[in-house]
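To find a chain, count down the sequence lines: A is the first, B the second, and so on, and within it residues start at 1.
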Amino acid sequence: MPELPEVETVRKILNTIVPGATIIDVIVHKKNIIVGNAKVFRKTLIGQTFNEVKRVGKYLIFTFNSDLVMLSHLRMEGKYIEVLQGEDDSRYARVIFVLDDGRRLCYDDSRQFGTLELSTTDKYRHTKALQNVGPEPFDINPLDYFNKIKGRQTPIKQTLLDQKLMSGLGNIYVDEVLYLSKIHPETPTNMLGLMGIKTLIAQSVKVLEKAIIAGGTTVRTYSPAQGVHGNFQQQLNAYGKAYQRCPLCNFRFKKIFVGGRGTTYCPSCQRNPARALTIAITGQKASGKTVISNYLRSQGEVVIDTDNLAKTLYKDIETTRELEDILGVKLHDNESFKIHLLREYLAENAHDIKKVNDFIHPLVKKEMEHMIKTSKVDKIYFEVPLLFSHKVYELFDFMIGVEVSVETQATNLKKRGDTLLINADAAYMKNRHRLDLIIVNDGTVDQLIEKFKAFKV
DNA sequence: GTTCTTACCTGACAGC
DNA sequence: TGCTGTCAGGTAAGAA
C-alpha cells in the first residue's frame, strides 16, 4: 500500500531509470487509469523526454524537457516496472511507455485504482488532484493544523488519514503513529489538545523518516517495484500485530475497524477517553464465569450478562415474529412468545440452531455496542459465553477466558442440570489465542477469585 | 462545512 | 477440489 515512504522510494528508483529517456510510444491497455482523454494523453507524451521525477504527498510528479507534467497516483497497488528489451511486460501492465533505447516502463496496477493525469508546470499545483493534498508532517504548522481540526468529532485516525488536512500518512503508518503517541485511534479529534496534536505530528515525522530510510514497507501484495522490497515492516510496532503481545505492557493488540479501515491498537497503552474500558469474561461451559461475575458485582463493578440480554430480546414481539418467519414454525401462543416451543423445535431440528444464532447474535451484539457507547462508567464487564460468535470479541479491549478440566466441567454441568443447546466450546478453543488471560479453574471458588485478581488494568 | 456511505477493482485466503 | 464470501485500503463523489 503506497504511502508517503513507498512513493518516495518509487521516486528515487524512477530517477535512476527515466531521466534522459524519450517516449516513442504509449500503449494504454486500460483507459480508466487515465484522467482525461486517453488518445490525447498518448499523443501528447510521444516525443517527450523524461526529466526529474518529483513528489507531492503521495503523488509522483513526472517532469519533461518541456512544460509538460504527468501526475501519477499509485493508490493501492500501482507500481512502475522497468522492462528491458526482449523481456515480457509486467503481468498487470496497464499503461506502457515505450522508450527510445528499447526499454519499456510499465505502469503496473492489478486493481486499476491508480491514476495518470497530464498538466503543465505552471498549472499542476492548481489541479483538482493536488488541491486536495495538504502539507506533509515535515512542513506542517502544528497550530494551523490544530485550529483546522479542533472542532471535529470524528476519530483521530480518520482525521490523520484526511490528505486534505495533512498528507502522507496511510493506514499502516497512522497505526504506528497512534501507537507511539499512546493515543487511541477512536479518540474524538476534539478531545485532543494542542499538545496531543504536536505529539502526533512529531511521531509522524519520526515514523515517516525512518520508513523512508528503510525504503518503505513491503506488506501483502505491495512492493514499490519489481524485485524491490522495503524493510520497514521489520520495524512495525502495531500494524499487522493483532492479538500479538504488546512489548510495552504484555496485553494483546486488538483489531477493530475505524472508518471502515482495519485498525490495530494496544488497549492498555492507548486508552480511549471517550468511552468505558470493555472487558469480556468468557470460557468453556460451566467453567466458573458466573462466579467471577458475581465477585465483580460484589466489588461494585458493572457486569452485564449477555445471556440475559438475549432473553430480553425474546420479549420483543417483532423480534420473535421475525424469528418465527425465519424458522417457518409456530413460536407464539395467544400473541405471546413461548420459549419452550423454540426449545422443542430445536431439540428436533438441531441444524436450525445456526439460523437462530445468525439472527439473535447480531442483535445482542448491537445491544452491547449501544450499552458501551452510552455507558457512564469508566469500566464495564460483560459475561459473554459466545464471545467468538459473529465477531463479538471486536467490542472488547480485554478478554479473559476461564477453563476447566473435562471431569470438573461434567460435574458442574450435572449439578446445574444443564440443557444448553448451543455448544460454544469449539469456537472457544479455536480462538483462545486471542485472550489476554486464561484462568484454569481447578480448585476452590476462593482460589478462582485469587487467580482472577491477577488481572489488573 | 462535516460526516457517512458507496463505488472503484481484483488477488489472496478462509470456510464450507 | 472448487465455489463463495470476505478482506485488503486510497480517494472521489454523492447523500444526509
Quick one: which protein N/O atoms are closer than 3.5 Å to N/O atoms of nucleotides 2-5 of chain B? Pair and distance per line, please.
residue : atom : partner  : partner atom : Å
B/dT3   : OP1  : A/Gln153 : N            : 2.8

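A side-chain donor from one of A/Asn171 and A/Lys157 sits under 3.5 Å from a side-chain acceptor of the other.
OP1 or OP2 of B/dC9 has not a single side-chain nitrogen or oxygen of A/Tyr92 nearer than 4.0 Å. Look at A/Asn171 and you won't find any side-chain N or O under 4.0 angstrom from OP1 or OP2 of C/dA8. For B/dC8, neither phosphate oxygen OP1 nor OP2 lies less than 4.0 angstrom from any side-chain nitrogen or oxygen of A/Asn32. In this model, the phosphate group of C/dC7 is approached by a side-chain N or O of A/Lys391 to a distance below 4.0 Å at OP1 or OP2. OP1 and OP2 of B/dG1 both lie 4.0 Å or more from every side-chain N or O belonging to A/Lys164. In terms of phosphate contacts, A/His73 brings no side-chain nitrogen or oxygen within less than 4.0 Å of OP1 or OP2 of C/dG10. For the pair A/Arg261 and C/dG10, the criterion of a side-chain N or O lying under 4.0 Å from OP1 or OP2 is met.
For A/Asp397 and A/Arg275, the salt-bridge test passes: some basic side-chain N is under 4.0 Å from an acidic carboxylate O. Looking at A/Lys128 and A/Glu117, no side-chain N of the basic residue comes within less than 4.0 Å of a carboxylate O on the acidic one, giving no salt bridge. Under a 4.0 Å N-O distance rule, the pair A/Glu82/A/Arg103 qualifies as a salt bridge.
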Going through the distances and angles, do A/Lys58 and A/Glu3 end up as a salt bridge (charged side-chain N to carboxylate O under 4.0 Å, His left out)? CA-CA 6 Å; A/Lys58 298 177 191 173; A/Glu3 302 179 30; 5.6 Å; no
Verdict with reasoning, A/Met368 to A/Phe396, per side chain to side chain contact (heavy atoms under 4.5 Å, CB included): CA-CA 10 Å; A/Met368 289 163 77; A/Phe396 294 97; 3.5 Å; yes
Under the side chain to side chain contact (heavy atoms under 4.5 Å, CB included) rule, what do A/Gln153 and A/Thr189 come out as? Steps first, then yes or no, please. CA-CA 5 Å; A/Gln153 294 173 2; A/Thr189 302; over 6 Å; no
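A/Lys128 has its NZ atom 7 Å from the C1' atom of C/dA12, to the nearest Å. The separation between A/Lys255 atom NZ and C/dA8 atom C1' is 8 Å, rounded to whole Å. Between A/Glu3 atom CD and C/dA8 atom P there is a gap of 14 Å when expressed in whole angstrom units. Computed from coordinates, the A/Leu74 CG to C/dA8 P distance equals 21 Å when rounded to whole Å. In this structure, A/Arg94 atom CZ and B/dC8 atom P are separated by 16 Å, rounded to whole Å. Here the P atom of nucleotide C/dT11 and the CD1 atom of A/Ile33 are 15 Å apart, to the nearest Å. The NZ atom of A/Lys58 sits 14 Å away from the C1' atom of C/dA12 (whole-angstrom rounding). We find that OH of A/Tyr107 is positioned 13 Å from P of B/dC9, with the value rounded to whole Å.
Between A/Phe253 and A/Tyr243, the ring centre distance reaches or exceeds 6.0 Å.
The residue A/Lys30 sits apart from the nucleic acid: no heavy atom pair falls under 4.0 Å.
For A/Arg111 against C/dA8, a side-chain N or O and a base N or O form a donor-acceptor pair under 3.5 Å.
Here B/dG15 is the nucleotide among B/dG15, B/dC9, C/dA8 with the atom lying nearest to any side-chain atom of A/Lys430.
With the 3.5 Å cutoff on both pairing distances, Watson-Crick and G-U pairs in DNA chain B assemble into runs of at least 3 at B:2-8 with C:10-16, B:10-16 with C:2-8.
In this structure, A/Arg434 forms a cation-pi arrangement with A/Tyr393, its terminal cationic atom sitting closer than 6.0 Å to the ring centre and no more than 45° off the ring axis.
Ring geometry for A/Phe50 against A/Phe62 counts as tilted: the plane angle lies between 30° and 60°, on a 0 to 90° scale.
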